[in-house]
Amino acid sequence: MSSTVTVRPAKGVGVIGLLSVIAGIVMIIAGGVTWGVVSSQLSAEDITVSDDASFLAGAHVSGPFSAYAQAEVINKHALEMSDGQTYAELPQDDERRATVMNASFLRASLFTSVVAFGVAALVIGLGIMFILIGIALRKIASGPAVAVETPGGYTSGGGLSSAAPPAHTPAHAAPAAPVTPAPTTPAPTTPPVTPPTRTSTHTAPVEEPKSPGVPTTQVPPVVEPKSPGVPPTGTDTPPATPPAEGTPPR
């Protein structure tokens with residue numbers, strides 16, 4: 001017997017979505033403000049990228065790319081003046097140490113502005129992502145309840161109950177492959193055991209086995225010769241008849 005389960009969205013999903021949208025808006029505003037402040041401060045310095053820069057030559061420094069280009073040009077000029085030596089490699093009594101030091105400070109300030117621009121862009125991107133996630137959560141929370149029909153063999157906890165019906169076999173299941181019987185080896189036959197024969201004083205005549213298709217020859221019984229005047233043993237012989245009168249004896 002089947003049952004119907006109604007699935008409703010969790011109550012806190014809508015609140016989390018709203019907070020995510022608010023956080024995204026705040027992050028976008030913070031990132032935009034940071035970008036604007038750093039850009040305005042660089043523009044106030046009125047720095048122009050040198051003409052011998054590898055890219056953006058002659059551009060006004062007000063963004064991350066122009067600031068990076070100017071930092072590379074400053075490093076190039078400082079190394080040319082110090083014959084390829086950095087501030088730490090120059091001797092302490094060298095007059096060029098002060099110029100190389102100022103060049104290092106300028107490069108560090110420009111690189112700091114580049115990092116600030118990058119962080120501002122990252123915060124703005126995360127704010128957009130938070131807003132999208134919040135909108136998706138709000139849509140899930142405002143969705144209607146869904147009724148799910150479950151089989152009778154399932155309990156409310158999701159597991160199978162003891163009265164779960166057996167699994168149904170699909171109607172169009174593939175036929176099972178025929179099973180080929182394994183070859184069997186015939187067991188060795190044991191010759192029949194002939195029971196022992198009992199010997200007797202009166203032995204019966206032995207008959208030769210008959211072969212199929214070959215006629216057997218019957219041997220007549222052996223008759224013992226008769227002795228004169230002695231009747232054979234075991235035979236009924238009529239008594240001798242006396243000769244008749246007048247008949248000469250033979």
Side-chain angles (χ1 to χ4, degrees), residues 1-49 53-75 105-172:
M1 182 178 181
S2 61
S3 60
T4 303
V5 178
T6 303
V7 180
R8 296 183 177 85
K11 296 180 180 179
V13 175
V15 177
I16 295 175
L18 179 60
L19 293 177
S20 179
V21 171
I22 295 174
I25 295 174
V26 171
M27 294 175 71
I28 291 176
I29 294 173
V33 170
T34 302
W35 185 287
V37 169
V38 175
S39 178
S40 62
Q41 292 295 325
L42 283 176
S43 296
E45 296 292 335
D46 199 12
I47 304 173
T48 304
V49 181
S54 57
F55 62 98
L56 296 179
H60 183 69
V61 178
S62 59
F65 299 103
S66 57
Y68 182 81
Q70 182 62 21
E72 290 295 324
V73 170
I74 292 175
N75 184 43
F105 290 162
L106 290 174
R107 290 181 66 243
S109 300
L110 291 173
F111 279 132
T112 302
S113 64
V114 172
V115 173
F117 281 120
V119 173
L122 176 63
V123 172
I124 293 173
L126 290 176
I128 296 173
M129 184 63 64
F130 270 68
I131 291 175
L132 296 177
I133 294 174
I135 293 173
L137 293 176
R138 294 283 295 176
K139 287 185 177 181
I140 293 175
S142 61
V146 179
V148 180
E149 185 175 356
T150 59
Y154 291 90
T155 60
S156 59
L160 287 173
S161 63
S162 58
H168 295 284
T169 305
H172 301 283

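Side chains are part of it too, since the values below use all heavy atoms of this structure and drop only hydrogens, waters and symmetry mates. Bear in mind that the values here come from a model prediction, so they are computed numbers and not experimental data.
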Given side-chain contact (heavy atoms from CB on, under 4.5 Å), test H60 with S43 step by step and report yes or no. CA-CA 7 Å; H60 183 69; S43 296; 3.8 Å; yes

Can you list, pair by pair, the side-chain donor-acceptor contacts under 3.5 Å of residues 118-141, counting residues two or more places apart and other chains?
residue: R138; atom: NH1; partner: G14; partner atom: O; Å: 3.3

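Contact between A69 and V49 at its shortest, heavy atoms only, is CB-CG1, 4.2 Å. Heavy atoms only, all atoms of each residue included: I47 and Q70 are closest at CG2-CG, 3.9 Å. Contact record, V38 with A116: CG2-CB, 3.8 Å, taken as the closest heavy-atom pair.
Put simply, the side chain of S39 never gets that close to the backbone of G36: no donor and acceptor are under 3.5 Å apart. Formation of a donor-acceptor pair under 3.5 Å by the S20 side chain with backbone atoms of I16 is not found in this model.
The CD1 atom of I74 sits 8.0 Å away from the CZ atom of R107 when rounded to the nearest 0.5 Å. One finds the OG atom of S66 at 9.0 Å from the CZ atom of F55 (value rounded to the nearest 0.5 Å).
By the neighbour-count criterion of 12 heavy atoms within 6.0 Å, atom CZ of F105 is sparsely surrounded, having that number or fewer from other residues, nucleotides or ligands. Around CZ of F117, the count of heavy atoms belonging to other residues, nucleotides or ligands within 6.0 Å exceeds 12.
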